[in-house]
Amino acid sequence: MALTQQAAAELHIFFFPFMSPGHLIPMVDIARLIATHGIKVSIATTPHNISRFKSMLLRDNSSTANYNHINLYELQFPFTAANLPENCENLDCLPTRQLSYNFSKATMMLQPQADHLVRLHSPDAIVSDFNLPWTAQIAAKYGIPRLAFYGTCCFSISISVAMAISSHANTISSDTEPFLVPEFFNKHVEAESKTYGVVANSFYELEQEYVDYYEKIAGKKVWPVGPVSLFNTKTIDITERGNKASIEKDKILTWLDSRRPNDVLYVCFGSISVFAKSQILEIGLGLEASKRPFIWVIRDNIANQDGVLPDGFEERVKNRGLIIKGWAPQVLILNHSAVGGFMTHCGWNSVLESVTAGVPLITWPLFGEQFYNENFVVNRLGIGVGIGVETGLAWGEEEEIGALVKWDRVVETVNRLMGGGEAVEEMRERVSQLGELARSAVAKGGSSVVNIGRLVEDLLSLKNEKLMNRQNIGAMRNHE
Ligand SMILES: O=c1ccn([C@@H]2O[C@H](COP(=O)(O)OP(=O)(O)O[C@H]3O[C@H](CO)[C@@H](O)[C@H](O)[C@H]3O)[C@@H](O)[C@H]2O)c(=O)[nH]1
């Protein structure tokens with residue numbers, strides 16, 4: 001990278017992450033990454049969320065790497081005004097999904113505090129989660145670029161944008177007819193139009209046609225800088241990534257070390273998924289009947305309820321199955337040679353972490369863009385087997401609908417992936433090649449490293465342009 005330390009040190013970038021693990025973890029990783037280039041980085045979020053990643057940042061500062069200090073700024077979360085329980089500062093803390101609207105409302109109320117911070121510290125750019133559309137107004141107000149982070153891949157962003165354009169086109173019959181757009185969607189569209197470019201946790205070689213396609217339809221720059229989980233494994237305790245793991249590192253490694261290569265199925269549905277009790281029972285019965293070794297992560301708000309697991313389940317599966325109630329050290333697990341498959345809801349971070357570790361997937365999307373991610377994994381990349389869920393539910397709707405997938409389908413799909421055979425071997429080969437490409441992307445001279453350099457250079461030239469414009473205006477005034 002032709003970037004000089006002095007030039008980089010002149011930049012200050014402010015990060016506004018969304019308060020949900022699937023967004024917070026990769027955004028903090030990106031902030032750390034950018035800080036390694038000697039750039040001043042600030043992160044603004046609420047106290048609870050800061051406490052989740054603070055230890056990772058402190059570790060950085062004691063390393064010999066070229067880190068600048070990352071400034072942390074607290075935003076006070078408006079619980080009372082948004083009718084939320086106290087300390088409910090992250091989407092994974094919500095006691096019921098019905099409160100998700102209140103949560104969005106609370107995040108919208110953060111704008112004045114964020115505005116104050118930006119006015120006070122005059123950063124040169126904002127990197128914001130797309131779920132905080134008001135950051136576009138702040139960036140416009142202070143004349144600085146806003147970069148968006150979507151959390152997902154360019155394949156899925158492109159589909160979302162293409163669908164929004166086509167449904168929008170279908171709802172209007174003439175260029176002049178007024179039409180109604182829901183308020184929140186409207187804010188996103190407006191923010192998107194004011195956004196300078198997109199930072200993505202992906203790598204170019206994985207989805208180059210979709211990176212190019214998105215740049216074309218959106219008319220914006222895209223910088224794929226991932227997989228971000230790969231940049232940080234050397235500098236942080238991987239068991240503390242996003243949350244403190246509910247199991248000791250030694251315990252899990254001892255268990256995995258005792259297994260044969262590619263023999264273990266890892267089952268985890270991300271950080272905010274909600275299942276009906278009846279669905280958990282079916283998963284348990286299916287894993288038991290498959291007779292294969294597994295690690296099954298059950299979120300603690302579900303795991304702690306009575307009667308969630310089938311009667312006598314833990315005694316029957318004994319040492320064959322390891323159940324983690326709470327937070328698993330996912331990246332550590334996926335990278336162990338004993339793990340040969342990942343049953344996932346297709347949250348993008350999970351997909352990318354699996355690709356990076358060279359592990360094929362069983363895809364079980366639950367809501368949102370996870371269905372697009374499944375399509376990408378199964379049909380485009382050819383590295384996964386679908387469990388056969390076709391309907392998207394509103395977030396958490398499973399609670400009311402009950403089990404969508406019965407135990408026998410779980411067994412059949414687990415056996416399809418974990419049972420070997422030519423098709424599965426080809427899948428393993430493909431995903432392991434993608435894992436190699438991921439490592440090359442973050443190695444010296446790799447596409448993601450080059451993209452970080454380009455991103456920083458772009459921001460520097462924007463800053464210089466702004467300074468020159470000011471000087472020219474000043475000179476013109478003096479001349480008058
Ligand atoms: O026990 C756990 C559970 C999760 N994780 C980590 O938490 C992140 C979870 O992210 P993801 O797999 O993307 O799932 P969600 O938490 O569901 O992510 C939300 O955000 C993603 C990024 O926008 C979207 O793709 C998803 O649809 C959306 O649900 C990953 O880094 C995991 O490694 C752990 O380390 N341990």
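Indexing begins at 1, ligand by ligand and atom by atom, following the structure's order. All values below were derived from every heavy atom in this structure, side-chain atoms included, with hydrogens, water molecules and symmetry-related copies excluded.
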Just need the protein heavy atom nearest to atom 29 (O) of ligand 1, so name the residue and atom and give the distance.
Q370 NE2, 3.2 Å
If the cut-off is 4.0 Å to any non-hydrogen atom of V297, which atoms of ligand 1 fall inside it?
1 (O)
D458/K221 ion pair, N-O < 4.0 Å
yes
Please find out if less than 6.0 Å separates the ring center of F130 from that of F149.
no
Within a reach of under 6.0 Å around CH2 of W407, are more than 12 heavy atoms found that belong to other residues, nucleotides or ligands?
no
Nearest neighbour in protein (non-hydrogen) for atom 14 (O) of ligand 1:
H345 NE2, 3.0 Å
Would you say the side-chain atoms of Y204 and D212 include a donor-acceptor pair closer than 3.5 Å?
yes
At a 4.0 Å threshold, what atoms of ligand 1 neighbour a non-hydrogen atom of R241?
31 (O)
At what distance is the nearest protein heavy atom to atom 34 (C) of ligand 1, and which residue and atom is it?
W327 CZ2, 3.2 Å
Taking K194 first and then E190, would you say they form a salt bridge - that is, a charged N and a carboxylate O separated by under 4.0 Å?
yes
Numbered in order shown, the ligand 1 atoms found under 4.0 Å of a heavy atom of E369 are 24 (C), 25 (O), 26 (C), 27 (O)
among protein heavy atoms, the one nearest atom 18 (O) of ligand 1 is G22 CA, 3.8 Å
Assert yes or no for the condition that the ring centre distance of F103 to F77 is strictly below 6.0 Å.
yes
Would you confirm whether E205, through its side chain, and A438, through its main-chain N or O, come within 3.5 Å as a donor-acceptor pair?
no
Can you classify the ring geometry of W348 versus F376 as parallel (below 30°), tilted (30 to 60°) or perpendicular (above 60°)?
tilted
Proximal ligand 1 atoms for G151, defined as those under 4.0 Å from one of its heavy atoms
22 (C), 23 (O)
Give me the residue, atom name and distance of the protein heavy atom closest to atom 10 (O) of ligand 1.
N349 ND2, 3.3 Å
Can you find a side-chain donor-acceptor pair between N373 and E369 that sits under 3.5 Å?
yes
Could you check atom 33 (O) of ligand 1 against the protein and tell me its nearest heavy-atom contact, residue, atom and distance included?
E353 OE1, 2.6 Å
Ligand 1 atoms nearer than 4.0 angstrom to some heavy atom of Y150 are 23 (O)
Quick note on ligand 1: atoms under 4.0 Å from a heavy atom of I25 include exactly 7 (O)
Judged by modelled atom types alone, do D92 and S271 share a side-chain donor-acceptor pair under 3.5 Å?
no
Quick one: do E209 and R380 satisfy salt bridge (charged side-chain N to carboxylate O under 4.0 Å, His left out)? Show the steps, please.
CA-CA 11 Å; E209 62 263 58; R380 302 284 152 159; 5.7 Å; no
Nearest protein heavy atom with distance in Å, relative to atom 23 (O) of ligand 1
H23 NE2, 3.0 Å
Report, in ascending order of atom number, the atoms of ligand 1 lying under 4.0 Å from any heavy atom of F367.
29 (O)
Would you check whether S20 has a nitrogen or oxygen atom less than 3.5 angstrom from a nitrogen or oxygen atom of ligand 1?
no
Look at ligand 1 and say whether F269 reaches it with a heavy atom at a distance under 4.0 Å.
no
A student checking ligand 1 against A328 at a 4.0 Å heavy-atom cut-off should list atoms 1 (O), 2 (C), 34 (C), 35 (O), 36 (N)
Only heavy atoms count here, so choose which of S350, G368, S271 is nearest to atom 12 (O) of ligand 1.
S350
